[in-house]
Amino acid sequence: MRVLAFLLLLAGMQLAACSSSEQPDRPDGTVTVYSTTDRAVFEPVIKDFERLHPEISLNYVELDARPLYERFVAEAGADRNQADILLSSAMDLQVKLVNDGYAQPHRSSDAALLPSWARWRDEIFGLTFEPVVMVINRDAFAGRTVPKSRLDLAQSIRQDHAFWQGRLGTYDIASSSVGYLLAAQDARLSGEYGTLLEAMGRSRPRIYQNLSTLLNDIESGRIALGYNVLGSYAKRRISAGARLSVVYPEDYTLAVVRAAFIARKAPNSAGAHAFMEYLLSLRGQRTLATQSDLSAAREEIGGPYGRLGISGSATGPLRPIPIGPGLMTYLDRQKRERFLRNWQNAMGGPARQGNDSLHP
Amino acid sequence: MWPMRQSPRMAESPSIRGRLIWHMGLSFAAGMVALYWAASAYATYAADSSYDRLLAGSAASIAETLSITENQISVDIPYAALDMLSAARNDRVFYRVSGPDGHAVTGYGDLPDLQGPSTDDKSQFFDARYRGEVVRFVVLGREVRRGGRTGWVKVQVGQTREARAALAAALTFRALVPILLLTLLAALVVWITVGRAVRPLERIGRELHRRQPSDLSPIDEDQVPAEIAPLIGAMNQFMGRLDGNISLLRMFIANVAHQLRTPLTALMVQLRLAEADASKTTRSSLLAANQSGERLARLLDQLLGDAMVMHRADQPQFASFDLRKAVEQSLQLAAPTVWHSDVRFTSELAEARVAGDEAMVTEAIKNLVHNALTHGDRPEGAIEIHLAREADGFCLSVSDSGPGIPAEIIADPGSRFKPSHSPRGGAGLGLAIVTQVVESHRGRLMLENHAEGGTRATMWLPAR
């Protein structure tokens, strides 16, 4: 008799579980977020959201861009979806996932208020945008002219060959998805990309797989300049007292967008929509801007790193990378291989890396 | 003669306007469906041809970069090749480059293939399902030479149909809205036009409705639409023939009546003379013959009166005259037959002027009085004639104390030659004459039997 009652109870629980997972009318439970953003940076947003929706808890999984992409595709292929929302600054990979039909639409008035470069198909949304800058060690440039643009940098390397030997650092674009995206955009937008690449190669640059290590080395004076660094990280170091300086390239300043979408087969779809709506809302955007030190995509939000602040200090045009199918071009296998080969040839091969002990 | 009491049936009969609108609505609805098909087919074609150009451009720009390096097919997808497709803002984009052996060189390996041969360098378009959506593809061939052999490399670019569908829907909508508005306008125009076109018919109907039963004069053809003029013409002709026949008949009857009167008078004088010398037995026979002769004379008199009234009703000579005088004159004319009776005429009016045909009205009054004398006269009763003003006209009532009038005659006093039940009854023409006169003067005739016996006939004629 007791066994039977227990079985009935079990069956009842099973039924309840089924019905709640099939009809998630009211958002609750756990929302899983795969993200490339450091948890420390995102923590205020998570806290604020959970304060607003106590019935939803966020499972924040921090991953690098390429593993995030591969893990998600593998899970979707095996029909074992775990992620509800994917948030990554590797915009090209995010766009490809959406193009391949892994996303579900999220329609709201807040989403419609995003600038047109920050949304595509009602499915993928740019939440923040971050200027991509050159970071210099102020001590290293004492008494020297700081290069203001890509052409400045190339000319400086040519003229002052001795100074630059081993003192320039940048992403390893073969292993960093964001680094690859930025290099590809440089190749697309800049007429001087070839010149710059050639000059950078001559300086025997240090190649980094991890942004923190790159910034550490600039801070310590091991290298003098970091090229294509996400501005927010540098700003955070400067706020902490590092003797660094940010240069917004005068010819144009790229802005990379953190793009988010809801997985088509999200286990907690309702919760995912609630979180996305929060991220797109003024409150969420303001939290991103003021407490996470990211620049909000919504134009209504100013903040310390908002568009206006950057435009004020940057003399060049700000070029947010638009979310759209064009981004998939550089993901083409042949194109990628050719692009990497050219880059590695120019940089003198992948052998000389700054530090490869941390993230792969 | 004309259907006077048929207006309720006319409401049930189909209206030209309703039928036109109904048929037009049906054909327009069918037309709209056909137009919708045509418009949406054309819109889809238009949307396809404009977006196909984009798709072909994208494929061509990819094909431009095809080269053979180290015996391998090499392609450098231009950024613009995919970016230009974002002109269709929300559409997903797929592409593939495959070698002569059919293997994908780059891009999405599992794209659906074009069914059928494709070995030329012209762009070929087709729709196929891919990743849960219908995708529009273009396939473009480029001939390459590799390892001493030539083969075709195929560039395939595809795009989902969201923007095309949206454009086609917008085009269809914009094409159909004016047509729909035009249809509504046409229906409105038909409604109004048919109303105007039918108005003369309604006028003719009203005119015929108002007519006297004996009025066979032609309908005015001037304001009749050309389409129904033949009908009206035929009708007029028909009525003309009828009128002619009736007049001829009337003339014949009047003639006969007149011709018979003289020998009859002579006959009756002879009878009177014979009566004086006759023995007792033959006297009663002679009396009976005399009475028959009187009735015959009365009938002839009525026939003449009827013919006169009918004739004048065709062309009434309306003039102002004193009704009171007409009554007095009628009494004088009726006097020879009523010399033994008690007839009283009372009126507070010094004069009662009406517009009408005096001869006809006199004839009517004469018949009313005569009827009262013939059917209502009793030794103890008297005939009361009263003339009074009522509403916009004058009321002349003739009351007797006779046995009353049969109900069917009260219901339809205008019918001729109803067999009379009264032993002294006439030919039943008297009330028909009165009715004819009253109607041609737009007056009213009212007959009523009193409960205590006796009949009152009231004739109302409008004042001038």
Side-chain angles (χ1 to χ4, degrees), chain A residues 73 76-77 91-92 94-107 111-112 114-125 180-181 183-190 193 261 264-265 319 321-342, chain B residues 51 54-55 57-58 61-70 72-99 103-111 129-135 153 155-163 166:
Chain A
V73 171
M91 301 164 65
D92 44 2
Q94 293 284 85
V95 164
K96 181 159 169 58
L97 286 175
V98 171
N99 190 63
D100 291 0
Y102 288 110
Q104 60 168 289
H106 174 84
R107 294 186 180 89
L114 285 174
S116 65
W117 48 263
R119 57 194 156 90
W120 186 51
R121 283 180 62 78
D122 294 329
E123 289 178 346
I124 179 165
F125 306 103
Y180 179 77
L181 171 70
Q185 292 298 317
D186 274 342
R188 180 170 79 86
L189 290 171
S190 171
Y193 179 70
F261 68 87
R264 187 157 63 88
K265 291 181 175 169
R319 290 273 166 79
I321 302 171
I323 297 177
L327 285 176
M328 294 190 299
T329 314
Y330 288 90
L331 292 179
D332 181 74
R333 190 174 54 78
Q334 280 207 349
K335 185 134 188 143
R336 183 180 159 86
E337 280 168 11
R338 189 177 302 110
F339 191 79
L340 284 178
R341 201 161 53 238
N342 284 345
Chain B
Y51 279 108
L54 215 59
L55 210 54
S58 171
S61 73
I62 292 173
E64 285 297 306
T65 69
L66 274 174
S67 62
I68 304 291
T69 22
E70 293 157 10
Q72 291 297 312
I73 296 161
S74 161
V75 62
D76 184 11
I77 310 287
Y79 179 82
L82 300 188
D83 194 53
M84 71 165 75
L85 295 179
S86 60
R89 181 82 191 101
N90 283 329
D91 278 307
R92 291 152 68 183
V93 170
F94 310 102
Y95 71 93
R96 176 176 70 181
V97 178
S98 48
H103 280 294
V105 175
T106 190
Y108 289 76
D110 57 345
L111 286 191
R129 280 200 85 79
Y130 183 64
R131 291 190 185 231
E133 265 189 83
V134 176
V135 181
V153 172
V155 176
Q156 184 172 350
V157 182
Q159 188 176 31
T160 48
R161 299 195 57 102
E162 273 178 46

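Every chain is numbered from 1, with letters handed out A, B, ... down the list of sequences. Remember, predicted model here, so these are calculated numbers, not experimental data.
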Would you say A:Asp332's side chain and B:Ile77's backbone share a donor-acceptor pair under 3.5 angstrom? no
CZ of A:Arg121 to OG of B:Ser86, rounded to nearest 0.5 Å, is 13.0 Å
Turns out that what part of B:Tyr130 lies under 4.5 Å from chain A's heavy atoms comes down to neither
Rounded to the nearest 0.5 angstrom, the NZ-OH distance for A:Lys96 and B:Tyr108 is 3.0 Å
Scored by heavy-atom pairs under 4.5 Å with chain A, the best of B:Asn90, B:Leu82, B:Val75, B:Val105 is B:Asn90
side-chain hydrogen bond (donor to acceptor under 3.5 Å, both in side chains) test vs A:Lys335 passes for just one of B:Thr65, B:Thr106, B:Asp76, namely B:Asp76
So CE of A:Met328 and CZ of B:Arg92: to nearest 0.5 Å the spacing works out to 9.5 Å
Under a plain distance cut-off of 3.5 Å, with no hydrogens placed, do A:Ser116 and B:Arg89 share a side-chain donor-acceptor pair?
no
Bottom line for A:Arg338: the part with an atom under 4.5 Å from chain B's heavy atoms is side chain
Under 4.5 Å to a heavy atom of chain B? For A:Phe339 that would be neither
From the list A:Thr329, A:Val98, A:Leu327, the residue making the most non-hydrogen contacts under 4.5 Å with chain B is A:Thr329
Cut-off 4.5 Å, heavy atoms of chain A, and the answer for B:Ile62 is neither
Shortest non-hydrogen pair, A:Gln334 vs B:Ile73, comes out as NE2-O, 2.9 Å
